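The structure displayed is predicted, hence computed values, not measured ones. Within every chain, numbering begins at 1; the chains are lettered A, B, ... in the order of the sequence lines, protein sequences first and strands thereafter.
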There are 2 protein chains.
Amino acid sequence: MTDDDHVFRALADPTRRFLLDLLFQRDGRTLKDLESGLAMTRFGVMKHLRVLEDAGLVVTRRSGREKLHYLNPVPIRLIHDRWIDKYREREVSALLALKADLESKKDKPS
Amino acid sequence: MTDDDHVFRALADPTRRFLLDLLFQRDGRTLKDLESGLAMTRFGVMKHLRVLEDAGLVVTRRSGREKLHYLNPVPIRLIHDRWIDKYREREVSALLALKADLESKKDKPS
DNA sequence: ACAATAGGTGACTATATGGTCACCTGTCAA
DNA sequence: TTGACAGGTGACCATATAGTCACCTATTGT
């Protein structure tokens with residue numbers, strides 16, 4: 001439908017989210033590299049990377065016979081801005097900070 | 001699969017994103033209210049709201065025979081924090097601010 | 001040159017998903 | 001109390017999607 005539709009459909013699959021996690025840790029990976037971390041054939045991973053690229057969540061650069069993949073955070077940020085205004089952002093940040101605080105105290109109680 | 005899976009699958013559908021848009025504009029709406037804005041039967045809308053509620057993107061409160069729906073921004077924020085660290089956040093914010101600046105100048109050229 | 005390597009395409013199957021309908025439950029107002 | 005109203009359930013069908021495979025192209029190193 002619209003353009004952002006690609007982004008959300010791309011994020012709907014757990015394998016694709018895991019690929020983004022891998023690229024979040026370290027950019028510029030090749031298909032072979034990414035494939036090795038997944039219990040799936042090369043073709044499946046390639047299809048997923050194609051979807052991510054069409055969505056603009058991953059950008060690529062060719063280097064010889066290799067294709068390097070990079071994470072593009074812009075679409076993620078736009079999702080955030082769509083449903084979180086300045087008012088809600090303050091609320092949510094405070095809430096999550098409080099939660100993180102409680103979690104840390106649970107780990108090492110005084 | 002995991003818990004956040006519900007969130008991303010919920011966001012994958014354009015109708016559900018539109019429902020979030022409606023709740024972003026104004027909270028506390030009833031099913032009848034939301035249904036009236038969509039070219040779909042009541043049952044379709046109800047299914048979508050159910051998915052959003054299971055994902056935690058929408059929270060509800062009963063009031064007599066009505067059920068009021070509210071937007072919960074927390075899962076959205078968690079998506080953001082998953083793939084945007086402090087470093088990338090500065091980059092992206094600057095980029096989007098620049099883009100917004102160019103757009104505004106395109107609208108009313110000096 | 002040529003074998004190995006990295007990536008790519010189109011077709012196919014099983015399953016998941018969106019949407020509708022017939023029918024049911026609980027609540028409000030005259 | 002009884003009809004209208006808001007919401008809910010389970011089954012059903014058409015389509016979209018994930019994953020695999022046979023087969024193909026381009027680049028590298030020896």
Side-chain angles (χ1 to χ4, degrees), chain A residues 1-23 26-71 75, chain B residues 1-23 26-71 75:
Chain A
M1 187 178 280
T2 57
D3 186 53
D4 58 334
D5 197 54
H6 294 66
V7 176
F8 290 103
R9 289 202 184 281
L11 291 174
D13 184 86
T15 301
R16 288 194 285 267
R17 292 197 298 275
F18 183 65
L19 286 169
L20 291 181
D21 289 337
L22 290 178
L23 293 177
R26 180 164 51 83
D27 263 324
R29 304 206 195 207
T30 158
L31 169 60
K32 269 285 170 185
D33 186 358
L34 294 167
E35 171 201 351
S36 65
L38 291 179
M40 187 185 303
T41 61
R42 177 172 59 92
F43 311 99
V45 179
M46 195 161 42
K47 262 196 176 179
H48 285 307
L49 286 173
R50 170 70 186 273
V51 174
L52 289 169
E53 194 176 353
D54 286 347
L57 285 161
V58 164
V59 291
T60 60
R61 186 169 64 83
R62 305 248 18 177
S63 169
R65 63 178 161 184
E66 292 186 332
K67 190 176 182 183
L68 307 179
H69 299 77
Y70 299 86
L71 172 63
Chain B
M1 189 179 279
T2 57
D3 185 54
D4 58 334
D5 197 54
H6 294 66
V7 176
F8 290 103
R9 289 202 184 282
L11 291 174
D13 184 86
T15 301
R16 288 195 286 268
R17 293 196 297 276
F18 182 65
L19 286 170
L20 291 182
D21 289 337
L22 291 178
L23 293 178
R26 182 164 49 83
D27 264 323
R29 302 207 197 206
T30 159
L31 169 61
K32 268 287 171 183
D33 186 359
L34 294 166
E35 171 202 350
S36 66
L38 293 179
M40 188 186 301
T41 60
R42 177 173 58 93
F43 310 99
V45 179
M46 194 162 40
K47 263 197 176 180
H48 285 307
L49 286 173
R50 170 69 185 273
V51 173
L52 289 170
E53 193 175 353
D54 286 347
L57 285 161
V58 164
V59 291
T60 60
R61 186 169 63 83
R62 305 246 18 175
S63 169
R65 63 179 163 183
E66 293 186 332
K67 189 177 182 181
L68 307 179
H69 299 76
Y70 298 86
L71 172 63

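Remark: side-chain polar atoms of A/Arg29 are not paired, donor with acceptor, to backbone N or O of A/His69 under 3.5 angstrom.
Residues satisfying the side-chain hydrogen bond (donor to acceptor under 3.5 Å, both in side chains) test with B/Lys67, not counting sequence neighbours, are B/Glu53. Applying the side-chain contact (heavy atoms from CB on, under 4.5 Å) test to B/Ala12 and every residue at least two apart in sequence or in another chain returns A/Ala12. Taking the side-chain hydrogen bond (donor to acceptor under 3.5 Å, both in side chains) definition, one finds that A/Arg26 meets it with nothing, sequence neighbours left out. Listed by chain and number, the residues in a side-chain hydrogen bond (donor to acceptor under 3.5 Å, both in side chains) with B/Arg65 amount to none (sequence neighbours excluded). When the side-chain hydrogen bond (donor to acceptor under 3.5 Å, both in side chains) test is applied to A/Asp27, no partner is found at least two apart in sequence or on another chain.
Chain B approaches DNA chain C within less than 4.0 angstrom (heavy atoms of the protein), and the contacting nucleotides run 5' to 3' from C/dT17 to C/dC28.
The CZ atom of B/Arg29 sits 16 Å away from the P atom of D/dA6 (whole-angstrom rounding). Rounded to whole angstrom, the span from the CD atom of B/Glu66 across to the C1' atom of D/dA4 amounts to 14 Å.
Helix bend of the helix from C/dA1-D/dT30 to C/dA30-D/dT1: the angle between its two end axes, each built from five pairs, comes to 30° after rounding to 10°.
In terms of heavy-atom proximity, A/Val7 sits nearest to A/Ala55 at CG2-O, 3.4 Å.
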Report all interatomic pairs (protein N or O, nucleotide N or O of nucleotides 18-20 of chain D) with separations under 3.5 Å.
{"residue": "D/dA18", "atom": "OP1", "partner": "A/Arg16", "partner atom": "NH1", "Å": "3.1"}
{"residue": "D/dA18", "atom": "OP1", "partner": "A/Arg16", "partner atom": "NH2", "Å": "2.7"}
{"residue": "D/dG19", "atom": "OP2", "partner": "A/His48", "partner atom": "NE2", "Å": "2.3"}
{"residue": "D/dG19", "atom": "N7", "partner": "A/Lys47", "partner atom": "NZ", "Å": "3.1"}
{"residue": "D/dG19", "atom": "O6", "partner": "A/Lys47", "partner atom": "NZ", "Å": "2.3"}
{"residue": "D/dT20", "atom": "OP2", "partner": "A/Thr41", "partner atom": "N", "Å": "3.1"}
{"residue": "D/dT20", "atom": "OP2", "partner": "A/Thr41", "partner atom": "OG1", "Å": "3.0"}

Report, one pair per line, the protein and nucleotides 26-30 of chain D atoms (nitrogen or oxygen only) whose separation is under 3.5 Å.
{"residue": "D/dT27", "atom": "O2", "partner": "A/Arg65", "partner atom": "NH1", "Å": "3.0"}

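Screening B/Leu20, B/Leu22, B/Thr15 for a side-chain contact (heavy atoms from CB on, under 4.5 Å) involving B/Phe18 leaves a single residue, B/Leu22.
Residue B/Leu19 holds its CG atom at 8.5 Å from CG of B/Asp13, rounded to the nearest 0.5 Å. Residue A/Leu11 holds its CG atom at 12.0 Å from CZ of B/Arg9, rounded to the nearest 0.5 Å.
A salt bridge is absent between A/Arg17 and A/Asp21; no separation between the charged side-chain nitrogens and carboxylate oxygens falls under 4.0 Å.
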Let me have the donor-acceptor pairs involving side chains of residues 30-48 of chain A, under 3.5 Å, with sequence neighbours excluded, atom names and distances please.
{"residue": "A/Thr30", "atom": "OG1", "partner": "A/Lys32", "partner atom": "N", "Å": "3.4"}
{"residue": "A/Ser36", "atom": "OG", "partner": "A/Asp33", "partner atom": "O", "Å": "2.6"}
{"residue": "A/His48", "atom": "ND1", "partner": "A/Arg16", "partner atom": "NH1", "Å": "3.0"}

